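Encoded as structure tokens, the structure appears first; notes follow it.
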Amino acid sequence: LITDLVRIDPDLVVESVDVRAGELRIAVLGVEDDQRSWPVYSRIAAAIDETAMTCVVCGAETDAPDDPVPPLCGEHR
């Protein structure tokens with residue numbers, strides 16, 4: 001993800017990428033121009049969507065949960 005973001009905008013500073021309360025959080029600095037920010041925030045949104053669809057126990061792909069519980073695969077439900 002960080003490599004993708006820096007490739008999109010070499011002036012971008014990725015402050016942090018972490019998981020809090022089961023949710024991927026990304027903090028970036030240096031995105032002010034709308035033309036340059038759209039691809040950056042689009043890639044961040046895609047990464048968040050991807051993490052929402054993997055089992056928090058084993059990382060296997062799964063459906064996005066309908067309720068506020070973390071996503072789990074069939075084996076770990």
Side-chain angles (χ1 to χ4, degrees):
L1 173 63
I2 294 172
T3 302
D4 289 350
L5 294 175
V6 173
R7 189 176 301 130
I8 292 168
D9 185 350
D11 297 326
L12 184 75
V13 175
V14 180
E15 275 195 316
S16 66
V17 177
D18 63 353
V19 177
R20 280 186 262 149
E23 192 173 304
L24 183 64
R25 311 256 179 153
I26 299 110
V28 295
L29 293 174
V31 180
E32 297 172 8
D33 180 340
D34 284 344
Q35 279 189 321
R36 285 180 20 196
S37 67
W38 183 85
V40 168
Y41 288 113
S42 177
R43 179 62 186 99
I44 290 171
I48 291 169
D49 287 347
E50 290 169 17
T51 60
M53 293 181 236
T54 57
C55 176
V56 295
V57 177
C58 68
E61 288 188 32
T62 187
D63 296 328
D66 293 328
D67 46 24
V69 298
L72 296 169
C73 66
E75 182 179 333
H76 294 107
R77 282 188 196 150

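Please read all numbers here as calculations on a predicted model, not as lab measurements.
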Which atom pair, heavy atoms only, marks the closest approach of Thr62 to Thr54?
CG2-C, 3.8 Å

Least distance between heavy atoms, Val28 atom then Ile44 atom:
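Closest pair (atom of Val28, atom of Ile44, distance): CG1-CD1, 4.2 Å.
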
Decide whether [X] and [Y] are clustered together by the hydrophobic rule: side chain heavy atoms of Ile, Leu, Val, Met, Phe, Trp, Tyr closer than 4.5 Å, transitively.
X: Val13; Y: Trp38; value: no
X: Val40; Y: Ile2; value: yes
X: Leu24; Y: Tyr41; value: yes

Residue list, salt bridge (Lys or Arg N to Asp or Glu O under 4.0 Å) with Asp49, at least two apart or on another chain:
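With neighbours one apart ignored, the set is empty.
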
Could I get the full list of salt bridge (Lys or Arg N to Asp or Glu O under 4.0 Å) partners for Arg77, not counting sequence neighbours?
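Arg77 satisfies salt bridge (Lys or Arg N to Asp or Glu O under 4.0 Å) with no residue once adjacent residues are dropped.
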
Only one of Glu61, Glu75, His76 passes side chain to side chain contact (heavy atoms under 4.5 Å, CB included) with Cys55, and that residue is His76

Atom pair CD1/CG of Ile48 and Leu1 - distance to nearest 0.5 Å:
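One finds 9.0 Å between CD1 of Ile48 and CG of Leu1.
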
Look up atom CZ in Arg43 and atom CD1 in Ile26, then write down how far apart they are to the nearest 0.5 Å.
8.5 Å

Taking the side chain as C-beta and beyond, is there a heavy-atom pair between Leu72 and Val57 under 4.5 Å?
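Leu72 reaches Val57 side chain to side chain.
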
Indicate yes or no: at least one non-hydrogen side-chain atom of Val56 is less than 4.5 angstrom from one of Pro71.
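They are in side-chain contact.
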
